[in-house]
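Below you'll find the structure, written out as structure tokens, and then a few comments.
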Amino acid sequence: ALTGALKAGDTFDPNDFRSANPRFSAGNLETNLEPVAALADLAHEKGCTPGQLALAWLLVQPFDVVPIPGTRRIAHVRENMAAAAVTISADEVAYLSQLFAPGRVVGERYTPVHAATVSD
């Protein structure tokens, strides 16, 4: 979601996990994409992709944060690896931390059925 690939109004195949996920429902998706748009704007200014900036931001977090980027293509692996070279200032870290502060994302993480299969 932080790559900027999703847009407000996007719909998902009924077999896609996101089709029933509360965070991806019509109203919630639009709200949740607002900080993603700001991330994309900053990434454009920095000359990197939104995904690279998101990974760079996660890489400067305390040691209890471990990003695990998913990918299906070699090009995405290379893009993810290049995130380590993205420089991020303390002000940018603070800005992104504010954009994605706890409670900023709306909608439950899982449906009740899925929540029952995971532990916190």
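Computation of the quantities below employed the complete heavy-atom set of this structure, encompassing side-chain atoms and omitting hydrogens, waters and symmetry-equivalent molecules.
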(message) A side-chain contact here means heavy atoms from C-beta on lying under 4.5 Å apart; do Pro22 and Tyr110 qualify?
(response) no
(message) Run the side-chain contact (heavy atoms from CB on, under 4.5 Å) test against Asp13 and tell me which residues pass, sequence neighbours left out.
(response) Asn15, Asp16
(request) Determine whether Phe12 and Val36 fall in the same hydrophobic cluster, where Ile, Leu, Val, Met, Phe, Trp and Tyr are linked whenever their side-chain heavy atoms lie under 4.5 Å apart. (result) yes
(message) Given 3.5 Å as the limit, does a donor-acceptor pair link the side chain of Lys46 with the main chain of Asp41, or not?
(response) no
(message) With a 4.5 Å cut-off on side-chain heavy atoms, are Leu39 and Phe100 touching?
(response) yes
(request) Kindly write out the residues that satisfy salt bridge (charged side-chain N to carboxylate O under 4.0 Å, His left out) with Arg23, not counting sequence neighbours, or none if the list is empty. (result) none
(message) Check whether Asn21 reaches the backbone of Arg109 with its side chain - one donor and one acceptor, N or O, closer than 3.5 Å.
(response) yes
(message) Checking His114 now: which residues fulfil ring-ring contact (aromatic ring centres under 6.0 Å, His included) with it, not counting sequence neighbours?
(response) Phe17
(message) Going by the rule side-chain contact (heavy atoms from CB on, under 4.5 Å), which residues pair with Thr117 if we only count those two or more places apart in sequence or in a different chain?
(response) none
(message) Would you say that Leu59 contacts Val86 through its side chain, given a criterion of any heavy-atom pair below 4.5 Å between the two side chains?
(response) no
(message) Closer than 3.5 angstrom, by distance alone: can the side chain of Gln52 be matched with the main-chain N or O of Asn80 as a donor-acceptor pair?
(response) no
(request) Mark yes or no for whether Gln61, through its side chain, and Leu58, through its backbone, hold a donor-acceptor pair below 3.5 Å. (result) no
(message) Which heavy atom of Ile88 sits nearest to which heavy atom of Glu92, and what is that distance?
(response) CA-OE1, 3.4 Å
(request) Supply the atom-to-atom distance His44 NE2 to Leu53 CG, rounded to the nearest 0.5 angstrom. (result) 13.0 Å
(message) Please determine whether the number of non-hydrogen atoms from other residues, nucleotides or ligands lying under 6.0 Å from atom CD of Glu34 exceeds 12.
(response) yes
(request) Treating Ile, Leu, Val, Met, Phe, Trp and Tyr as nodes and any side-chain heavy-atom pair under 4.5 angstrom as an edge, say whether Val93 and Leu55 lie in one connected cluster. (result) no
(message) Looking at Glu108, I'd like to know if its CD atom is crowded, meaning that more than 12 non-hydrogen atoms belonging to other residues, nucleotides or ligands lie closer than 6.0 Å.
(response) no
(request) Just jot down the side-chain contact (heavy atoms from CB on, under 4.5 Å) partners of Ala38, sequence neighbours excluded, or say none. (result) Tyr95, Leu99
(message) If I take atom CD from residue Glu79 and atom CD1 from residue Ile74, how far apart are they, to the nearest 0.5 angstrom?
(response) 13.0 Å
(request) Return the minimal non-hydrogen interatomic distance between Ala83 and Ala56, and the atom names on each side. (result) O-CB, 3.7 Å
(message) Give me the atom names and distance for the closest heavy-atom approach of Ser19 to Pro14.
(response) OG-O, 3.2 Å
(request) Please name all residues satisfying side-chain contact (heavy atoms from CB on, under 4.5 Å) with Ser25, sequence neighbours left out, ordered by chain then number. (result) Asn28
(message) Once rounded to the nearest 0.5 Å, what's the spacing between atom CZ of Arg104 and atom OG of Ser97?
(response) 14.0 Å
(request) Check whether Val106 and Leu33 end up in the same hydrophobic cluster, where Ile, Leu, Val, Met, Phe, Trp and Tyr are linked by side-chain heavy atoms less than 4.5 Å apart. (result) no
